[in-house]
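Residue indices begin at 1 and follow the sequence shown. Counting convention: from 1, in listed order, for ligands and their atoms alike.
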Amino acid sequence: MTVPLVVGNWKMHGSQAECAGLARNILRLQRRKPAQVQLAVAAPFTALAPVKKTLRRTRIGVAAQNCHWQESGAFTGEVSPSMLRDVGCDMVVLGHSERRHIFHETDAVVAQKVEAVLRNGLQVILCVGETLAERRQGRTAKVITRQLRIALKGLAKNAIDNIEIAYEPVWAIGTGQNASPVQIALVHRRIRQLLTAWFGKGAGSRIRILYGGSVKPDNAAALAMTAEVGGFLVGGASLAAESFITIARCFNRS
Ligand code: 13P
């Protein structure tokens, strides 16, 4: 069975020292009583180097929260996948709803980033999710299908082994409002069906589909038991080591 993946998305929070301290605390708690999952933290660009240094020679992965699709060039303010690899990143979060909705990233842009990150040998955490209006209009499946179809178009069949999908309903992010287990299971099942159709049965059954959106220590146990949930992408509650590890331990089976 695939081990669940639990990722902390620290968003735009923390100095280098604060982020390294948070990473150190997560490591300490994980060593004391391990969560039986793969852990990763998505730190701000400026803290990637110290966080990687803190976590080197551990099993905790380091992720960036975004990147550009070109290797280098006149792209003021951007960071390339090879720069992320150089700083020691293992993964990159792409297509987060805050990138899509605040910074107007289109599906086509997300697709270019997915391709570039994979080309650089890094793992992709691809976020998809509908807005409240889209859900109310009954368009959830349609929106998620479109986001996935465009982001994954043209990839080789084995590329899927380096991709994790995170379902993050936009209306559940930072709102304290979760999607229900039934809502999550329906969407995750749909995602798995699509991936099976596009990448084959083996890949479709192996891929981890994470849930993100107001995952907290008090609701994580129920969410971890939900069918088709292969891990979490945690925002606010990942900014404290104790709550992040408490959430991750909800996947422990012994
Ligand atoms: P919250 O857990 O703060 O709702 O954020 C979710 C998220 O956006 C993770 O990427």
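At the shortest separation from atom 3 (O) of ligand 1 among protein heavy atoms lies Gly236 N, 2.8 Å. Distance from atom 4 (O) of ligand 1 to its nearest protein heavy atom, with residue and atom name: Gly174 N, 2.6 Å. When hydrogens are left out, the protein atom nearest atom 2 (O) of ligand 1 is Gly235 N, 2.9 Å; that is the closest non-hydrogen contact.
Side-chain contact check for Glu168 and His96: at least one donor-acceptor pair (N or O, by modelled atom type) lies under 3.5 Å.
In this comparison of Glu168, Gln177, Glu98, the heavy atom closest to atom 7 (C) of ligand 1 sits on Glu168.
Residues Asn66 and Val93 have side chains not in contact (no heavy-atom distance under 4.5 Å, counting atoms from C-beta outward). Residues Glu242 and Leu29 meet the side-chain proximity criterion, which asks for heavy atoms closer than 4.5 Å.
Classification of the His188-Tyr211 ring pair by plane angle, with boundaries at 30° and 60°, yields tilted.
Considering CD of Gln30 and CZ of Phe244, their distance stands at 9.0 Å, rounded to 0.5 Å.
Ile165 pairs in a side-chain contact (heavy atoms from CB on, under 4.5 Å) with only one of the listed residues (Leu148, Ile144, Ile125), which is Leu148.
At a heavy-atom distance under 4.0 Å, only backbone atoms of Ala172 (N, CA, C or O) approach ligand 1. Of all the heavy atoms of Asn9, the ones lying under 4.0 Å from any atom of ligand 1 belong exclusively to the side chain.
Heavy-atom contacts of Ser214 reach the following atoms of ligand 1: 1 (P), 2 (O), 4 (O) (cutoff under 4.0 Å). Taking a cut-off of under 4.0 Å to the non-hydrogen atoms of Leu233, the atoms of ligand 1 that pass are 9 (C), 10 (O).
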